[in-house]
Each structure stands twice: as structure tokens, then as C-alpha cells.
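First listed ligand is number 1; within each ligand, the first listed atom is number 1.
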Amino acid sequence: MVDVGGRFFDLPLVEREKHMTTDMTTPVRYGTSFNQTKDGVFCWRDFLKLVCDPLPQVLPHWPSSPSDFREMTVKYSKETKILFIKLVEAILESLGINVAAKNKTQQNDDDEEMLKEFEDGSQLMAVNFYPPCPNPDLTLGMPPHSDYGFLTLLLQDEVEGLQVKCNDDWVTIQPIPNAFVVNVGDHLEIFSNGKYKSVLHRVLVNSLKSRISVASLHSLPFNSIIKPSPKLISETNPSLYKDTNFAAFLEYLKSCDSTNKSFLETRKLT
Ligand SMILES: O=C(O)CCC(=O)C(=O)O
Ligand SMILES: [Fe+2]
């Protein structure tokens, strides 16, 4: 995926810019830091964002060049979805929401229903390309942010750049070949009523090497309400977050371009 993503960014600009749009709702969006007209903050990054579901509807919009792009990306998105579901099963179990139980009871039916919602969930893929930067100290590849979804499966090439905020320090995440970094997103923080914390991260650039990463963002279906799991709420454990949905998130993005975990902050009840 890193290879075919890299070949997309090697294409001439006329080919890439066919996918350039300011419409946030299209199934494919290309953007380049060298040709931004609106963004107040410039990041040293080009990106290609692909909505991955429903596949039959979105696929015809995906880039048809390089010629193997669609085939490779479909395969990759399906494999990452399978991994995401496995991780969700483990996370639900860790929260005491046991979907693997074999005994059929009303409760297990509800839990299986929940897993089905994740299987039908939304997936967005962001292929990020960070060109070498002559002044790496003056900019960032990506400013500090947390991902909005449930989990992000992030694949990086061998060039370091990703940093995660740990206590008050930025910690560089060394790339491990063919391994994923799994980032907790805002929706999981809300769903777990704060037991999991979404992670603040940013990307540094360097003057020598370009860098590629592929982020696969997963959450519940686009129309779902994201709220703390009722299984985790009681009189002694009240809900700490307001119900939210993607529409609220998109509204927020339109209304301001601020970074950090600020969307999540707007959803907190305390
Ligand atoms: O390039 C990276 O390592 C991180 C990318 C990222 O945070 C994102 O696409 O949301
Ligand atoms: Fe991110």
C-alpha cells in the first residue's frame, strides 16, 4: 500500500489534481500543501483521502492511475477492516462487553448486534505524503490532533516523523517494518466513557527524505449516534460525554480550523 500510494504521488500534478476538491463529502479528495488556497495553516503534506464504503458506490471515484491502485487499495482496506474488527472484539471484552460468549441470552444478542454495527461501520483511508522540507524547524507535516474515529490503523514507511504526546512530552514513534501503530480516536474515548483516551499526535518533517503513511480510520456507521456504551453507565458512573455524530463533527470542522483534541472537548459534559 505504501508502494502504490507513493506511485500515486509520483504522478504528474495534472493527474493528481483531478481529485482536488474543497467538497468535504466527496468519496475522494486530494490536497497538496503547495497549492492551498483556503487553509490558514500550511502543513508540509500532500494527502489522498478515500471513503471506503459502500465500496460499489465509491470505487468508481477512486483514482484509476496507477493502474493497480484500485485493486491494491480495495485489498488493503478489506484486510485492515478485518483487523479492526478483531481489535474491537478485544476492546469490547476489555470493557466487560463480551461478544465472544457462546451462550445465547438476550444480553449476548445485544452484544452481537453491537459488533454487527462495527462490521457495517465507516472506513476512511488517508494516504499522506510528506516531501523533504528545506526548513523542517519552521513547519509540521501535520499539527497536533486526535483522530475522530474509533481506531486508526496507521502504517508508516521506514522514515520517522510521527510523535505522540505522552504526559507533557512528544515521543517519536520509531517505525517498525510492516507493523501498524494503532491510535485510539475520539469516538472510542466517548464510547468507553473515558476509559480509553484518544491520543494526541503530530508529524515532523525532515530535510532529507520524503515520508509516506497510510492511515485507515474506522468507526461506527456514518449515521450512528456516538455515545458512551449504556453497559458502562450507571448512577455511580454517569455519562461524561454528550451524544455526537459525524454531522456534528463536520459542522465543527467547517466552523473552525483549530487543532488539538478540541472537538472532543466540546463533547465533554463536565
Ligand atoms: O503520518 C503519520 O504518521 C500520521 C498521520 C495522521 O495522523 C493522520 O492521517 O491522521
Ligand atoms: Fe492522525
request  = For ligand 1, find out whether one of its N or O atoms is nearer than 3.5 Å to an N or O atom of Arg45.
outcome  = no
ask   = Same cluster or not: are Val184 and Val171 linked, directly or through other Ile, Leu, Val, Met, Phe, Trp or Tyr residues, by side-chain heavy atoms under 4.5 angstrom apart?
value = no
request  = May I ask which of Glu160, Arg211, Met142, Gln156 has a heavy atom nearer to atom 6 (C) of ligand 1 than the others do?
outcome  = Met142
task = Among all protein heavy atoms, pick out the one at the shortest distance from atom 9 (O) of ligand 1; state its residue, atom name and that distance to 0.1 Å.
result = Asn128 ND2, 3.1 Å
request  = With the Fe ion (ligand 2) as the reference point, give the N/O/S atom of His201 that is nearest.
outcome  = NE2
query = Counting from 1, what ligand 1 atoms have a heavy atom of Ala215 closer than 4.0 Å?
reply = 9 (O)
message = By the definition side-chain hydrogen bond (donor to acceptor under 3.5 Å, both in side chains), identify the one residue from Ser219, Ser224, Ser198 that meets it with His187.
response = Ser219
query = Starting from atom 2 (C) of ligand 1, which protein heavy atom do you reach first, and at what distance in Å?
reply = Ser213 OG, 3.3 Å
query = Under a single-linkage definition using a 4.5 Å side-chain heavy-atom cutoff for Ile, Leu, Val, Met, Phe, Trp and Tyr, are Met125 and Ile85 assigned to the same hydrophobic cluster?
reply = yes
ask   = So which protein heavy atom does atom 4 (C) of ligand 1 come closest to, and at what separation?
value = Val203 CG2, 3.6 Å
Identity of the N, O or S atom of His145 lying closest to the Fe ion (ligand 2) = NE2
ask   = Short list, please: which atoms of ligand 1 are under 4.0 Å from a heavy atom of His201?
value = 7 (O)
query = Could you walk me through whether Arg7 and Asp68 pass the salt bridge (Lys or Arg N to Asp or Glu O under 4.0 Å) check?
reply = CA-CA 10 Å; Arg7 283 187 281 117; Asp68 56 345; 2.9 Å; yes
query = Are Phe222 and Val58 co-members of a hydrophobic cluster defined by side-chain heavy atoms under 4.5 Å apart?
reply = yes
message = If hydrophobic clusters are built by linking Ile, Leu, Val, Met, Phe, Trp and Tyr wherever their side-chain heavy atoms come under 4.5 Å apart, do Val159 and Trp170 end up in the same one?
response = no
remark   = Within the 4.0 Å heavy-atom cut-off, what Leu154 brings close to ligand 1 is side chain
query = Can you name the N/O/S atom of Asp147 that is nearest the Fe ion (ligand 2)?
reply = OD1
key: Within reach of ligand 1, part of Asp147 (heavy-atom separation under 4.0 Å)   = side chain
ask   = Applying the side chain to side chain contact (heavy atoms under 4.5 Å, CB included) test to Gln163, which of Arg202, His201, Met142 qualifies?
value = Arg202
key: Pair Glu265 + Lys268, salt bridge at N-O below 4.0 Å   = yes
Under 3.5 Å: N/O of Tyr130 near N/O of ligand 1 = yes
inquiry  = Judged on heavy-atom distance to atom 10 (O) of ligand 1, which of His145, Arg202, Met125, Gln163 sits nearest?
reply    = His145
key: In one Ile/Leu/Val/Met/Phe/Trp/Tyr side-chain cluster, 4.5 Å: Met20, Phe69   = yes
